[in-house]
Q: 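The structure is given below, and queries will be raised subsequently.
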There are 4 protein chains.
Amino acid sequence: MKEEPSSEVTVNEPAPRLRSEMSSSTPDRVVVRGFDLTNDLMGKINLGDMAFLELTGRLPTEGESVIFNAMLVSLVEHGITPNTIAARLTYLGAPEALQGAVAAGLLGLGSVFVGTIEGAARVLQEALPAGSNSQDLPSLAERIVREHRGRRTPVPGLGHPIHKPVDPRSMRLFALGDKHGISGPYVALMQLIAEEAERQTGRTLPLNVTGAIGAFASELGIPWQVCRGLGIMARSIGLVGHLLEEIRQPMANEIWRWVEESSGP
Amino acid sequence: MKEEPSSEVTVNEPAPRLRSEMSSSTPDRVVVRGFDLTNDLMGKINLGDMAFLELTGRLPTEGESVIFNAMLVSLVEHGITPNTIAARLTYLGAPEALQGAVAAGLLGLGSVFVGTIEGAARVLQEALPAGSNSQDLPSLAERIVREHRGRRTPVPGLGHPIHKPVDPRSMRLFALGDKHGISGPYVALMQLIAEEAERQTGRTLPLNVTGAIGAFASELGIPWQVCRGLGIMARSIGLVGHLLEEIRQPMANEIWRWVEESSGP
Amino acid sequence: MKEEPSSEVTVNEPAPRLRSEMSSSTPDRVVVRGFDLTNDLMGKINLGDMAFLELTGRLPTEGESVIFNAMLVSLVEHGITPNTIAARLTYLGAPEALQGAVAAGLLGLGSVFVGTIEGAARVLQEALPAGSNSQDLPSLAERIVREHRGRRTPVPGLGHPIHKPVDPRSMRLFALGDKHGISGPYVALMQLIAEEAERQTGRTLPLNVTGAIGAFASELGIPWQVCRGLGIMARSIGLVGHLLEEIRQPMANEIWRWVEESSGP
Amino acid sequence: MKEEPSSEVTVNEPAPRLRSEMSSSTPDRVVVRGFDLTNDLMGKINLGDMAFLELTGRLPTEGESVIFNAMLVSLVEHGITPNTIAARLTYLGAPEALQGAVAAGLLGLGSVFVGTIEGAARVLQEALPAGSNSQDLPSLAERIVREHRGRRTPVPGLGHPIHKPVDPRSMRLFALGDKHGISGPYVALMQLIAEEAERQTGRTLPLNVTGAIGAFASELGIPWQVCRGLGIMARSIGLVGHLLEEIRQPMANEIWRWVEESSGP
């Protein structure tokens, strides 16, 4: 695997009107983020590494690859959710347009279900801007929790309807983060926030997987504005899986009938 | 990595009204397709393997993992396409809804751009139904090409506006397929179809990456009806990458201005 | 009201690179399809007339306005359908993005539910191309039905699971069409096709509202390729209505719970 | 035309599990919001009136019909916008799925382009809750503008890049509102807010059409949470119009080529 991207600099040409460094092609070569797709990437890196390259412009270290793949793997499949039901119902009316069914499923990934990945990452990245000196993390955590409580806003990334008192998926990510030396100030701060929130509210508030992912995304330098995209790219895989199951053992028509029969003025 | 899925059979309960084997959760355990997410999958398999599990219900062998990841990696990033432009333009109007911008990009993955993965897989799977005995592949190829020409329909998976006389991405997949013993009758048939098409038409018709992917998807047992989903899941990653670039060095507003100024009665 | 559109011709300027006649604006004037939006359209025409203008480039006659509005009115609200359920489920996850919930609902308007408007219009428009001389309609009808039966394909626009032996909505459109002198060869042909289909199959096959709409759309000169758009534009209204009801008396969470509890391996 | 809806009350049946009053069907009758679709609505009301019925549960008075139709008519067609470009680019890849192209166009109707209809309605409805006694409107306007300036947030519904110093579409709506007696406290407050904003900032800030629509939507009792839906339902019509133009004189491929050629690292 080549670490150095091949240079795409052209000499003596005017700067392009629209700047993009994502990809370019010639008859016998495809370049993606400076890497030769065919020789450097295909058969050399996995899909998670490719997502890492797309978001960061570089290939992950071994430890980063393990963590990043684990983060995405945990977001792929969440069983029967509003998203997978919506996708199946859409497929019922337009089986010739699989992309529409997947898109319909993705459109429900807003503030309620994946917003907390983004929310947690935002809290952490605004508290510890890139390049900021080391901070008094416990004080930061105390302030963050207090401010959220003052605004009557839940701290994103905490709590879960099923996984209590701990979220096993977060535990796994933290173990991997420690093992591979990825855990840093963002992870530490998120954990302090979780402890502080339980202390201030007296409630059980497990650091759930979206909070853990928000923390690790921050460690990996992924801006909070696209952290929701981690859930989107992973869930697109899960939705295709559900649609294949729908093709083989459909439930959408049954769901429609039940809802219709159960509804009225 | 555990190969045997843990059993989810419940005893003496009525069959569920809606059948789904995708996932279930308890407070301390998440099961996906029979595997323990936290202990069997996170940190053990990569995102491509997870997609394989979603589509086939089993984990890939080492060779299958290499090929399947390579297939998906080749579909993630295709530079400035109608899809990435549409996603950027959508983000311009709704930056608070990243899922809408990704969805808008995916909605253009229809018959024109990813339909050939599905089309090639369909041709191959209808010619060689699962479990069929060995066939006279050259004769099959000849018939398939002749029938398409008779219907004035291009054979899906052949030809490319840029990559000629061969598509380097297909070449790479075939090399990996041979190396890992994945190539079989579907790959052989697709290659024979490509040769036959060039012979019958006298034109250069490289077996492009969508045809190669259709062939390998068939080797891996992925039904043609969801092969388009391979392009969808991969492209969702590329779209998030483009949207991050758009946030940092936007082009959408410039595109809008140019189109508006350039258009009129 | 038919008026002459104000001319937008510019003199001595090069032709625009991208041709579009939809709309243009100056500080004190907005022109849509040649008409002054503020003075000619707002407060003068209704929304259905505006849709007619968008699709045909002219304002409808009084009779055309009545029929076209009736066609669209009949397509707005169909109760609890897969589309409205999908929209509600999407809203559950992304209430801050109403456009996503509406879009999710529209994505299910494919071949199964609105494809028959397009299908019926296509059959009629291919049988009677614009400007063709009068034809032997009964023979055309016989041939069309026979060809569909030979391909084992249902004739689009016939049959209905609920409305038998006639669809009251079609009856109403035909009455309006006769009253306003809009009914012509396309309507006549569609009715002959319906009679012929019942004759050839021996089954009750009411000419349903999508077949009637396909016929009238053809009378009005709307190409079959956008007839599906009539269902899309109307249903977008119905979806917003359902989403307002969902805000006030939600059902989506209840649906999700029922589906989740009812599903399993 | 206001009529009494036919009663749908059923006697002695358990309440439905999911409440919905949108529509129901029997073999010979379709009921929408209590009205008989075929006899009361088709051929009797226009599409704008149907949208009014969907959102309010009643038919509009004559004046309400004029205003509501004018509001929606003004939102249908805005020429070459990011939305119409995105829709055309999506159609390029999936011409067999018109619903996807329309959906892609709608997904860009977020905070930037239609958010101000919702924003203006929200400001007005939160300032004057339904049923509130008459208020000191000038003081309210002064407070609202001051609070927005303090938060460094623009007041929604004011300003326009092209239409200055007044937006002719707003002027038209106000004239219609006065003529038909629809203008009331919300309209008065919005106008006071506009004047106050110009006074406090010293800048020209025309009350644009989204602010005017937000005000009239409030007069008509449409909750701010679905006001964005007015833009969505109207724009779905405009998008179908643009897609028909794209079919006849396409620009999407040309746009793609220009963007691709104009972009680079």
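The chains referred to below are lettered A, B, ... by the order of the sequence lines, with proteins before strands, and numbering in each begins at 1. Because the structure is predicted, anything quoted here is derived from the model rather than measured. Atoms considered below: every heavy atom in the structure, side chains included; atoms not considered: hydrogens, waters and symmetry mates.
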Q: When B/Leu89 is tested against each of D/Ile85, D/Asn83, D/Leu107 for side-chain contact (heavy atoms from CB on, under 4.5 Å), which residue passes?
A: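 The option that passes is D/Ile85.
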Q: Which of parallel (below 30°), tilted (30 to 60°) and perpendicular (above 60°) describes B/Trp258 and D/Trp258?
A: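 B/Trp258 vs D/Trp258 ring planes: parallel.
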Q: Under a 4.5 Å cutoff for heavy-atom pairs, which residue among B/Gly115, B/Ala252, B/Gly108 has the most contacts with chain D?
A: B/Gly108
Q: Shorter than 4.5 Å, heavy atoms on both sides: which option in D/Arg88, D/Gln249, D/Glu96, D/Glu260 has the most such pairs with chain B?
A: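 The residue among D/Arg88, D/Gln249, D/Glu96, D/Glu260 with the greatest pair count is D/Glu96.
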Q: I'd like to know which of D/Ala104, D/Ser111, D/Ala86 tops the heavy-atom pair count under 4.5 Å against chain B.
A: D/Ser111
Q: Check whether more than 12 heavy atoms from other residues, nucleotides or ligands sit under 6.0 Å from atom CZ of D/Arg203, and answer yes or no.
A: no
Q: If you compare all heavy atoms of D/Pro82 against all heavy atoms of B/Trp256, which two are closest, and at what distance to 0.1 Å?
A: CD-CE2, 3.3 Å
Q: Does any heavy atom of chain B fall under 4.5 Å from the side chain of D/Ser263, the backbone, both, or neither of them?
A: side chain
Q: Among D/Thr84, D/Ile255, D/Thr81, D/Val259, which one satisfies side-chain contact (heavy atoms from CB on, under 4.5 Å) with B/Val259?
A: D/Ile255
Q: Picking from D/Leu109, D/Leu106, D/Val112, D/Asn253, which has the most non-hydrogen pairs under 4.5 angstrom with chain B?
A: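 The answer is D/Val112.
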